[in-house]
Structures are given as C-alpha cells and as structure tokens.
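Shown next, in structure tokens, is the structure this report addresses.
By convention in this document, chain letters (A, B, ...) are assigned in the order of the sequence lines, proteins followed by strands, and residues within each chain are numbered from 1. Fair warning: this is a prediction, and the values are worked out from it, not measured in the lab.
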Number of protein chains: 2
Amino acid sequence: MERAAVTARTSPESARDIPEATVARLPVYLRALVTLSEQGTATCSSEELAVAAGVNSAKLRKDLSYLGSYGTRGVGYDVDYLRYQIAREIGVTQDWPVVIVGIGNLGQALANYSGFRSRGFRVVALLDADPARHDAVVAGIDVRPFADLERIAREHSVAIGVIATPAVAAQDVADRMVACGITSILNFAPTVLNVPAEVDVRKVDLSIELQILAYHEQRKTNGAQNGAQDGAREGAQTA
Amino acid sequence: MERAAVTARTSPESARDIPEATVARLPVYLRALVTLSEQGTATCSSEELAVAAGVNSAKLRKDLSYLGSYGTRGVGYDVDYLRYQIAREIGVTQDWPVVIVGIGNLGQALANYSGFRSRGFRVVALLDADPARHDAVVAGIDVRPFADLERIAREHSVAIGVIATPAVAAQDVADRMVACGITSILNFAPTVLNVPAEVDVRKVDLSIELQILAYHEQRKTNGAQNGAQDGAREGAQTA
DNA sequence: CTCGGTTTGTTCTCGCGTTCACAAACTCCT
DNA sequence: AGGAGTTTGTGAACGCGAGAACAAACCGAG
Ligand SMILES: NC(=O)c1ccc[n+]([C@@H]2O[C@H](COP(=O)([O-])OP(=O)(O)OC[C@H]3O[C@@H](n4cnc5c(N)ncnc54)[C@H](O)[C@@H]3O)[C@@H](O)[C@H]2O)c1
Ligand SMILES: NC(=O)c1ccc[n+]([C@@H]2O[C@H](COP(=O)([O-])OP(=O)(O)OC[C@H]3O[C@@H](n4cnc5c(N)ncnc54)[C@H](O)[C@@H]3O)[C@@H](O)[C@H]2O)c1
C-alpha cells in the first residue's frame, strides 16, 4: 500500500477501489472535521476524530488509509488538510446540481433544508406533476411542471435526482430521470425502484427505520418479561 | 435449526438471535407482502417475493428461515400468513406510541406523514421548545412545550422518540428522552448522539446519502475521462 | 401408490468488514 | 545526538453476511 499512498499524494484522481463501507463513513468524518475546524482545532488524533465521528479509532485509521497517508505519526491529522482531502475524495469540492421531484410535505421540507448548499449540493429545480402546485415559490425556487425535467436536466447537467412523490409515481419518475441522463437517485418513496445497472439508487425509508427500532424494542421488553438471557445489547449508532 | 423451526411454530415469542442484516430487511418483505395482498395474491414463491422486495431469492429464504418454517415446499408462502408472522416478529401487530421533537420543516412533514399509522406507529405528541410554535395544530395534533415530554412519555408509555431539531439541540433532547425512559431514538439531526448502551439510535442523514451518491457519480465521470478500467459497477439498491 | 415437477430450508464456501496488535515514524526534551 | 513518549499505517485473525447448490418435502396427475 506504500505505492498507493505515494500515488495518492502525487495524482489527485487516484485512490483505487475504496470499500463501500468506508465510502459510507467518509461523510461522517467530513462532518466531524468541519465541526472541529469551526471550533478552531488545528490538528487531531485518530482517537479524537473517532470519538467525534462515533466510530472505532482503528476503523477510522484504516478507512483513511484507503485515501492515502494524510497523517503524521506521533502528531495526528491536520484538520483542514484532511477535511479538504476527504471532500475532494467524495467529490464535494464543487457543488452538484440536484433536482427534487414531488413538492409535497416532504419535498418542501427538503427544499427548505439549508444543509444542502453547505455540503456540496445545489437545488436547481423543484418539479411537481400537480398544476395546483406550479408557480408556487418554495425556498426561493419556482415549482415547475414535471415535464420541464428534460430541459432542466440538460441545461444544468444534472446527475443527481431526489424522488419525494407518492410510491405509485416513483417508478415513473425514476424512468424519466434515467431517460434524462440522471445516474444517481435518492428515493424517499417506500418502493423498490428498477433502474439500469449503471444508475445508483439509495433509499431513505422512515417506516423501515422505525420498524427496526420496534423490533429491538420488542426484544427488550419481552426479554424482561421472559427472563431470557439477553446478552449485552449494544446501542451503537447503526447507519 | 430443525428444533428452532419447531419452537417457532409452537411458541409465539421465540426466534433466537436474528442477524441484524436480516432484521433490516424484514420491513421490506413486509411491505412487499402488503402490496401483494392488496393485489389479491394469495400465495407467492420466494422468487416472486424476492423480486418484489428487490433482493436475491436465496437471501430471502435464508432470512425467512430465521423466523421459522412458514412456507410449503413445492408451493410457496401464504401471503397473509407470512405477512402476519413477519409483522409479529417485528412487533408491529400493535401500534407503538411515538413522540416527535422539533416541529420545524421536517418535523411537520413527519407529523403529516400518513404512512406511520398504517405501519405500526401512532404519533402521540409533537413537542417544540419554541413558544411561538405552541398551540399550533399540525396534522390534528397540538404542538406542546418540550417540557411536557416527561408527562406524555409516562402517560403513554412511549418507548420511541424522533428527533427533528437542529443539530446543536439534538444531544440535549436525546438526554431528556433517555431520562424519560425512551429507549429507541430515530435521529434526523446531523450529529452523533451519545446514549447509554441499552438505548438504540438510528440516524437518517440526507447529506450523507447525497454525498455517497456524489462519490460514485464522480467516479463514473472521472472513469470515463480517465479511460481507466472501471469494473462492472452494480447499481443495486443500497440501503 | 408412484412419479415427475416444483419450491423450500439448509449447508457450504467465499469475500468483505471489523478489530487487534505492533512496527515504523515522528516530536520533544534533555 | 539520543532516548522516551506518542500516534499512524497496516498485517493478520476473526466473524458475519451473500450467494450457489442441493437434498428434503410437497403437490398433482395418472
Ligand atoms: N412526509 C414524510 O415525512 C414522509 C416520510 C417518509 C416517507 N415519505 C414518502 O415520501 C413521499 C412524499 O411524501 P409527502 O408526504 O411529501 O407526500 P405528498 O402527497 O404531500 O406530496 C407528494 C407530491 O408529489 C407530487 N406528485 C405526484 N405524482 C407525481 C409525479 N408523477 N411526478 C411529479 N410529482 C408528482 C404530488 O403532486 C405532491 O405534491 C411519499 O412516497 C411518502 O411515502 C414521506
Ligand atoms: N428539512 C430537511 O429536509 C432536513 C433534511 C435533512 C436533515 N435535516 C435536519 O433535521 C433537523 C430539523 O430540520 P428542519 O429543517 O425541520 O429545521 P427547523 O429549524 O425548521 O426546525 C427545527 C425545530 O426544532 C425546534 N427546536 C430547537 N431546539 C429545540 C429543543 N431544544 N427542543 C425542542 N425543539 C427544539 C425549533 O423550535 C424548530 O421548530 C435539523 O437538524 C436538520 O439538519 C432536515
């Protein structure tokens, strides 16, 4: 891995095959580093950063090692330098244009969310199929007809789309997005999307999260009644 | 596992140690079964259900085998029977009372979300620290002062809490929830929560999801420019 | 009853991810 | 300069989960 480290230092677009589990944690590290930076911390050890990110320090170091050798032994990591390196690796040193489709309860909340802009994303359009919603202004952005998707996607080179429509409409919306060249979809509708292999889909599903909590909750209370030997249940952050 | 299967058939509160990965998929199967049931399907094979749930059929069968032997070889699964068994296993045959704290953009959207009720959850209170929000009615429920948490949690035996406050307030809210006996928390604030080991925390983080998509998106476009040999990138649903 | 077709439940294997543990490397103090 | 103390980066061990493959079990026809 020594060679990889050197390559990472010299050529910006390097870093072969980062494990998916690591990729999912990089944003967490990035956020922790931003917080540390805002607090005026110049350097931090892997242990400090691990605590701030809520993970094991060994895991943190291994994750960072996939990006290169950005730390100094005996000292730790330069907060701003590491922050930049992770941001670059994730790809949020420039803003990504994003469209949100389905401007109902959830879509409006998302549009109003200020955390996007500051974390590498820019909402370029709000689209809805319901004419009654059109011409409304949400978070300073006009709500446009869904039919405008193709034009907007082309004009802004949109690669990422957010689906916040009812479940029945989600597959149609996804198909149209794919047809417009969108290759990454964040889906809030509780349904399975069928997309070509080159398109990435991530889903955020409220009910599933709650049901997972309910399962463990049931176990806790039943275990108490039942008197069964429940081993140490870890309450670690489960992503 | 033969013994476990028999036990599962006879005693309702059985099913030792279901793997976490399986637990996370049970809600997906449940939803697929509900859809199938509503379509009038009486029985289905593991292959059909797997397609509906967006997973491999071998994985599905293995997952279900942890609950017991609820299928019939050569036939498949009785949709309604399996649906009930999974619902019982997850613990959503009765409703769980839930409190939502932080009734801003996101909290209001959550309160208005009708999918909770139908999936085993009942919002019993909306709490906010801002007096300006009090006495507003969202989704037919009064917004109450945050100080009411203890009384409400006790009166309704609330075990599950949802945090939709700004990040800076999230840890305080979590501490108060834990003090009130809440042992499961769904956190929307982009921060790491410190809670006792017996408390389960699940987080839903928009920015992280988008950043993961951005990472892969960057790889796709860079790979094209670079002409590097990018192996077959799978676009499967990543939870 | 028997046989062919079908589908489940389970075993086995492989790869990924987590964690431990430690050598290498760096700083600071004497 | 050298040694003590600190922290990184990584090799190795281990456990969990994914998937292929197959025997066991069930149905229906004849
Ligand atoms: N509100 C929540 O907190 C919440 C929580 C979890 C999941 N969800 C899911 O998110 C999705 C949106 O929820 P919501 O509460 O905002 O629903 P909503 O009904 O308030 O809004 C849906 C919007 O989508 C629009 N729409 C419908 N079909 C469309 C189409 N084909 N193209 C474009 N727009 C279309 C509608 O006009 C409407 O404005 C749903 O699938 C819901 O299950 C919502
Ligand atoms: N809106 C979104 O789509 C979105 C997306 C991703 C993440 N988030 C996160 O969800 C959280 C809420 O987002 P939002 O857009 O609804 O923010 P918001 O500012 O609209 O609402 C926050 C609410 O929490 C209340 N609050 C503040 N401190 C409190 C306390 N100590 N106790 C109880 N209530 C308190 C405020 O009065 C306000 O009503 C934030 O952490 C945000 O980062 C929101």
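Only one option out of A:Val99, A:Leu186, A:Ile100, A:Val173 pairs with A:Ile163 in a side chain to side chain contact (heavy atoms under 4.5 Å, CB included); it is A:Val173.
Of the possible polar contacts, one joining the A:Gln211 side chain to the B:Arg119 backbone as a donor-acceptor pair under 3.5 Å is found. With hydrogens and angles ignored, the 3.5 Å screen pairs no side-chain donor or acceptor of A:Thr72 with any backbone N or O of A:Val75.
For the 3.5 Å distance criterion, the side chains of B:Asp63 and B:Thr22 qualify, holding a donor opposite an acceptor. When only modelled atom types and interatomic distance are considered, A:Tyr215 and A:Arg219 share a side-chain donor-acceptor pair under 3.5 Å.
The side chain of A:Ser65 lies closest to D:dT10, out of D:dT10, D:dT8, C:dG9. Checking C:dT18, C:dT19, C:dG9 against the side-chain heavy atoms of A:Ala21 singles out C:dT18 as nearest.
The base of D:dG19 sits with one of its N or O atoms less than 3.5 Å from a complementary donor or acceptor on the side chain of B:Lys62.
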Carefully, step by step, assess B:Asp80 and B:Ser37 under the rule side chain to side chain donor-acceptor pair (under 3.5 Å). CA-CA 7 Å; B:Asp80 288 330; B:Ser37 182; 2.8 Å; yes

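One finds the CD atom of B:Gln218 at 11.5 Å from the OG atom of A:Ser184 (value rounded to the nearest 0.5 Å). Interatomic distance, OH of A:Tyr77 versus CZ of A:Arg61, reported as 7.0 Å (0.5 Å rounding).
Evaluation of the side-chain hydrogen bond (donor to acceptor under 3.5 Å, both in side chains) test over residues 160-172 of chain A, restricted to residues two or more places apart or in two chains, returns A:Gln171-A:Asp175.
The separation between B:Leu64 atom CG and C:dG9 atom P is 7 Å, rounded to whole Å. Across the protein-nucleic acid pair, B:Leu60 atom CG and D:dA20 atom C1' stand 16 Å apart, rounded to whole Å. Per the geometry, CZ belonging to A:Arg25 stands 15 Å off P belonging to C:dC16, to the nearest Å. If you measure from atom CZ of A:Arg61 to atom C1' of C:dA24, you get 13 Å, rounded to the nearest angstrom. When rounded to the nearest whole Å, the span between CG of B:Asn56 and P of C:dT8 equals 13 Å. Residue A:Leu67 contributes atom CG, which lies 10 Å from atom P of D:dG9 at whole-angstrom precision. Rounded to whole Å, atom C1' of D:dC16 lies 13 Å from atom CG of B:Asp63. Regarding A:Lys59, its NZ atom lies at a distance of 17 Å from the C1' atom of D:dG9, rounded to whole Å.
Mapped onto DNA chain C by nearest heavy atom, A:Ala58 and B:Gly76 fall at different nucleotides, with B:Gly76 at the one closer to the 5' end.
Contacts between residues 41-51 of chain B and DNA chain C, defined by a heavy-atom separation below 4.0 Å, involve B:Ser45, B:Ser46, listed by number.
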Contact list (N/O, under 3.5 angstrom) for nucleotides 25-30 of chain D vs protein:
unit_1 : atom_1 : unit_2  : atom_2 : d
D:dC26 : O4'    : B:Arg73 : O      : 3.3

